[in-house]
Amino acid sequence: MEFNKFRIRSYEGQSDRAQVEDLERRCEVGPSESVFLFTDTMGDPICRIRNSPMYMMLVAELENELVGVIHGSIKVVTVHGHPPKDLAKVGYVLGLRVSPHHRRKGIGSSLVKTLEEWFTSKDADYAYMATEKDNHASVSLFMDKFGYIKFRTPAILVNPVNHHCFQISPNIEITRLKVDQAEYFYRRFMGSTEFFPNDVGNILRNKLNLGTWVAYFKGDIAWGDFGSDIGQVPNSWAMLSVWNSGEIFKLRLGKAPFSCLVCTKSWWLIDKIFPCLKLPTIPDFFNPFGFYFMYGVHREGPFSGKLVRALCQFVHNMGVESKDESNCKIIVTEVEGRDELNHHIPHWKLLSCQEDLWCIKSLKNIEGTNNNFHELTTKTPPTRALFVDPREV
């Protein structure tokens with residue numbers, strides 16, 4: 001398909017890989033003008049969507065040069081009121097990049113349009129995307145030009161992995177769930193959450209999933225009862241799963257203020273000289289690093305906030321003790337912005353994004369679904385937990 005001398009086509013691994021990696025390096029990612037995050041796909045530009053049920057990667061070519069790229073994936077999720085059985089097929093737009101020297105030429109619009117056509121050809125009901133609320137170019141493109149509507153403003157919480165492990169309260173029991181147990185609990189307690197993935201079992205069985213853990217207070221209920229009688233749960237409990245994103249791509253801080261560099265180096269030196277202080281060290285963000293993504297965070301009970309914090313400390317300790325090649329330097333999670341979970345999940349405000357922006361668009365005009373779409377985009381954002389698909393991070 002031709003658009004003003006440039007061509008939109010499917011990504012071809014063997015011939016396009018090097019140019020796509022070069023394009024990624026030239027396109028900074030991040031909401032700040034002074035701090036840029038770069039992604040290293042480790043030779044696999046399609047890695048961020050490869051684990052999705054259905055995916056597509058498109059490139060824009062101009063005179064044998066790749067000047068734009070976009071990714072898309074499709075899955076079935078929970079959308080209340082959507083026939084049949086509250087399930088809908090949704091397409092996710094991510095990874096839109098246009099070469100800095102070829103912007104404002106309609107390349108980004110053409111990539112989005114072509115990807116939406118692919119969604120439609122696969123019978124998708126909705127398309128949605130996520131961006132920083134301060135990314136004015138992205139917001140203008142999707143909301144003003146393509147008619148996407150805001151429907152969620154989750155918070156991205158980031159916590160650095162220190163050299164020292166946390167001491168978890170001896171009154172708290174943390175146990176790993178079997179995959180079948182984890183799937184049962186997620187479907188039972190989070191299955192009605194908007195955009196809950198219908199193939200959650202595939203996520204939990206993926207090799208990138210490190211496991212699912214549940215926390216509860218000792219003496220509240222015996223684990224044998226909790227595990228054997230799967231219908232019984234403690235008075236207060238919490239659970240989460242961990243995805244090893246560092247196995248598929250790395251992050252690197254590309255540019256930062258000089259003061260930030262000096263502070264980081266100074267903190268390292270102090271911790272090296274006085275290790276007994278066990279200071280919360282600042283990791284080396286200037287070389288490629290991996291991260292763990294916590295998802296499916298759920299809690300119930302009056303004291304479950306403490307259990308969520310204990311689970312986060314447990315995952316942090318996993319990062320400290322990890323022997324794999326992920327080089328985990330940060331723990332990331334994404335929760336509904338109004339969720340009280342924010343107060344229980346350790347994070348650094350300097351590294352976190354308190355208001356991400358999710359936008360959605362209906363791709364069909366089916367009788368009976370318009371009211372549902374209106375409710376989806378206009379109702380007050382829920383305060384309950386949000387299930388974020390780790391395959392779309």
Side-chain angles (χ1 to χ4, degrees), residues 52-53 74-92 124-128 130 149-155 177 179-205 209 212-216 226 229-241 243 294-302 304-305 307-308 311 333-342 344-345 356 358-360 362 366 368-392:
S52 298
I74 298 176
K75 62 182 178 180
V76 177
V77 301
T78 297
V79 175
H80 293 289
H82 191 282
K85 300 180 180 180
D86 294 335
L87 295 176
K89 185 178 287 188
V90 297
Y92 181 54
D125 301 292
Y126 304 100
Y128 75 110
I149 301 174
K150 179 178 76 172
F151 81 110
R152 289 292 185 275
T153 52
L177 294 177
V179 172
D180 291 342
Q181 291 176 318
E183 181 175 358
Y184 172 84
F185 277 109
Y186 276 131
R187 291 192 183 278
R188 176 180 172 184
F189 294 102
M190 298 190 74
S192 61
T193 303
E194 214 77 73
F195 272 47
F196 179 84
N198 194 46
D199 67 332
V200 65
N202 292 335
I203 298 175
L204 297 171
R205 291 176 177 82
N209 189 63
T212 302
W213 287 267
V214 63
Y216 56 97
F226 194 10
D229 183 0
I230 208 164
Q232 188 177 8
V233 294
N235 294 322
S236 292
W237 63 283
M239 69 182 294
L240 59 74
S241 298
W243 187 267
M294 300 188 305
Y295 69 98
V297 184
H298 181 76
R299 69 186 183 102
E300 291 198 0
S304 56
L307 298 173
V308 169
L311 283 171
T333 191
E334 190 165 9
V335 297
E336 177 57 49
R338 298 187 181 187
D339 199 322
E340 290 186 2
L341 274 173
N342 292 8
H344 303 296
I345 297 176
D356 200 24
W358 287 16
C359 299
I360 190 170
S362 177
I366 302 176
T369 62
N370 288 337
N371 291 336
N372 172 64
F373 181 70
H374 177 75
E375 292 179 1
L376 184 66
T377 56
T378 60
K379 65 183 180 181
T380 303
T383 57
R384 62 184 177 180
L386 178 69
F387 194 104
V388 178
D389 193 329
R391 298 171 297 188
E392 298 175 350

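Worth saying up front: this structure is predicted, and the values here are computed from it rather than measured. These numbers come from the heavy atoms of this one structure, side chains and all, not from hydrogens, waters or symmetry mates.
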Does some side-chain heavy atom of [Y] sit less than 4.5 Å from a side-chain heavy atom of [X]?
X    : Y    : answer
V77  : N198 : no
V388 : P154 : no
I203 : R391 : yes
V233 : Y216 : no

key: Sidechain-backbone polar pair: T78 side chain, G191 backbone, donor-acceptor under 3.5 Å   = yes
task = Look at the side chain of H80 and the backbone N and O of S192, then say whether any donor-acceptor pair between them is shorter than 3.5 Å.
result = yes
message = To the closest 0.5 Å, what do you measure between CE (M294) and CD1 (I345)?
response = 5.0 Å
query = How many angstroms lie between atom CZ of R205 and atom CG of D180, to the nearest 0.5 angstrom?
reply = 5.5 Å
request  = Please work out which of the three classes, parallel, tilted or perpendicular, describes the rings of F151 and F195, given edges at 30° and 60°.
outcome  = tilted
key: Option among F196, F189, F185 that satisfies the ring-ring contact (aromatic ring centres under 6.0 Å, His included) test with H298   = F189
query = Can you list the residues that meet the side-chain hydrogen bond (donor to acceptor under 3.5 Å, both in side chains) rule with W358, with sequence neighbours excluded?
reply = E334
key: Qualifying residue for side chain to side chain donor-acceptor pair (under 3.5 Å) with K75, from D199, D389, N202   = D389
message = Just to verify, what does S241 make a side-chain contact (heavy atoms from CB on, under 4.5 Å) with, not counting sequence neighbours?
response = Y186, L204, N209, T212, Y295
